[in-house]
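Structure, as structure tokens:
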Number of protein chains: 2
Amino acid sequence: MQKAASDKNNEVIAAQLAPVGRETVQDRVYSELRRALIGGLFEPSQVLTIRGLADALVTSTMPVREALGRLITEKALEALPNRSVRVPPITLERIDDLLRARILIEGEAIALATTLMTSRQIATVEAMLGEWDEMRALKHKKDVDREVTLNQSFHFEIYRACGSAVLIPMIESLWLQSGPCIRVAIYAFSDAGEVDTAQYHRRIVAALSAQDAQAAREALVADISRPFTFLRNKMQSADSKD
Amino acid sequence: MQKAASDKNNEVIAAQLAPVGRETVQDRVYSELRRALIGGLFEPSQVLTIRGLADALVTSTMPVREALGRLITEKALEALPNRSVRVPPITLERIDDLLRARILIEGEAIALATTLMTSRQIATVEAMLGEWDEMRALKHKKDVDREVTLNQSFHFEIYRACGSAVLIPMIESLWLQSGPCIRVAIYAFSDAGEVDTAQYHRRIVAALSAQDAQAAREALVADISRPFTFLRNKMQSADSKD
DNA sequence: TTTTTTGATTTGTGATCACACTTGCATTGA
DNA sequence: TCAATGCAAGTGTGATCACAAATCAAAAAA
């Protein structure tokens, strides 16, 4: 068989078949744990065991231990001297530390994105605002999980536009670390229900449309500061009560 | 035996014995690979195999594969679709991307450190300048490895003073990613020999002593930009030649 | 000579096992 | 009654094996 003919034949096949992907079990475990962490499904200080997670995820211990190791290196989980691993506990210092880092890095990312985003990309992000209204329309059932996912998609759609392969993984790591912290804030907001996240996001989109990097940065800071300051106040009042 | 007596007895023993430490093999492998990466011992695009590293480090494959997984998640190494792992290749975009992130984050860290460092801590850092003169005195043998270690110690002694448990691991990750890139610059500087790193570090110490955060940030930016701009120029001239 | 095929070797992934350490609880002793 | 001891279940770590996929080189076909 000639080379050209063979290639042509392969191309025809490739046009019909969808790539099957080769995600490993370890990757799936890792993604699943990430999702749970960012979504605040684990509580701070909760201890995780390899065998326990392996049972819950219906695999063997091997993929789980490697996924845990990865999460520990990005500070999403914490290795105790006993060699057990837990979700990092919340402290006031950690809250301030995380918020400061997020303002610094995500602020820079959105400023870069502002100068780079095409109107096509802005339109995509703007379209995501609609989903919020849609969700609020049927507000009888508060779907916290979907809210978290939507919020994440919105932010990262913008961050990806900054075009930095270095900053984006750092932001992901920050979200991973923030997840368990803002867990309580997420549920509290969902209960309160009124002060709408979409409102903050609209301000961000407006700044992006105006190509005003400084305004975009400030709108973003207001958005991500909200759960942190809420949590901060809550912890301080709890401390003073003790 | 009474509790008090037992405790007292244990205290006496504890005063005589040094804690034995429980570092795992995996931790040692991870540290060793980190050291090699930051020191620029691996070249960009070099492929690493689990069994090859296990043989070189005289262990089994298990600790190595977990260490590699951790390094991949912090982008110090890269997983190819073939599932082999390599040191990330250098591109112009990546150089600029890394430098921008380092300026942003390390600049913030040193600005924070400036307001927090005690005169005691500054003295410690200042003392490290002496080692450079010492090393230059016997410049017959250029010890690149020691130079890298000394540079790392100097910077992280300052960064640790910023007191951010979030920023410091990020900086470590950035150094890990920069290591292979600035490898060529390190050796080139060591060959040139004249433009002294200590000179840049003296400017940093002076700014710290003056508690001038802005000056410290600028001095730091000048210091870390040097190898990157060197490398950038070198790559551009190489490109134009092709 | 160039291309394809075939087969052997190498490599990553996941499962299982052995071992050491920790933890929790019941037992023993004062 | 309470602390110390001893035992048993649980847990992380590292080693080894089986398997599938990738790689490379030699042989076969064009």
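Proteins get letters first, then strands, A, B, ... in listed order; numbering begins at 1 in each.
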Could Arg100(B) and Asp97(B) be called an ion pair, given the rule that one side-chain N must be under 4.0 Å from one carboxylate O?
yes
In B/S/- notation, 5' to 3', how is nucleotides 11-19 of chain D contacted by protein heavy atoms closer than 4.0 Å?
BBBBBB---
Taking side chain to side chain donor-acceptor pair (under 3.5 Å) as the criterion, tell me which of Arg28(B), Arg34(B), Arg35(B) meets it with Glu32(B).
Arg35(B)
Could you state the CG-P distance from Leu80(B) to dT11(C), rounded to the nearest angstrom?
15 Å
On the 0 to 90° scale, with breaks at 30° and 60°, tag the Phe156(A)-Tyr159(A) ring pair as parallel, tilted or perpendicular.
perpendicular
For the pair His201(B) and Phe154(B), name the ring-plane relationship: parallel under 30°, tilted 30 to 60°, perpendicular over 60°.
parallel
Among residues at least two apart in sequence or on other chains, which ones pass salt bridge (charged side-chain N to carboxylate O under 4.0 Å, His left out) with Arg51(B)?
none
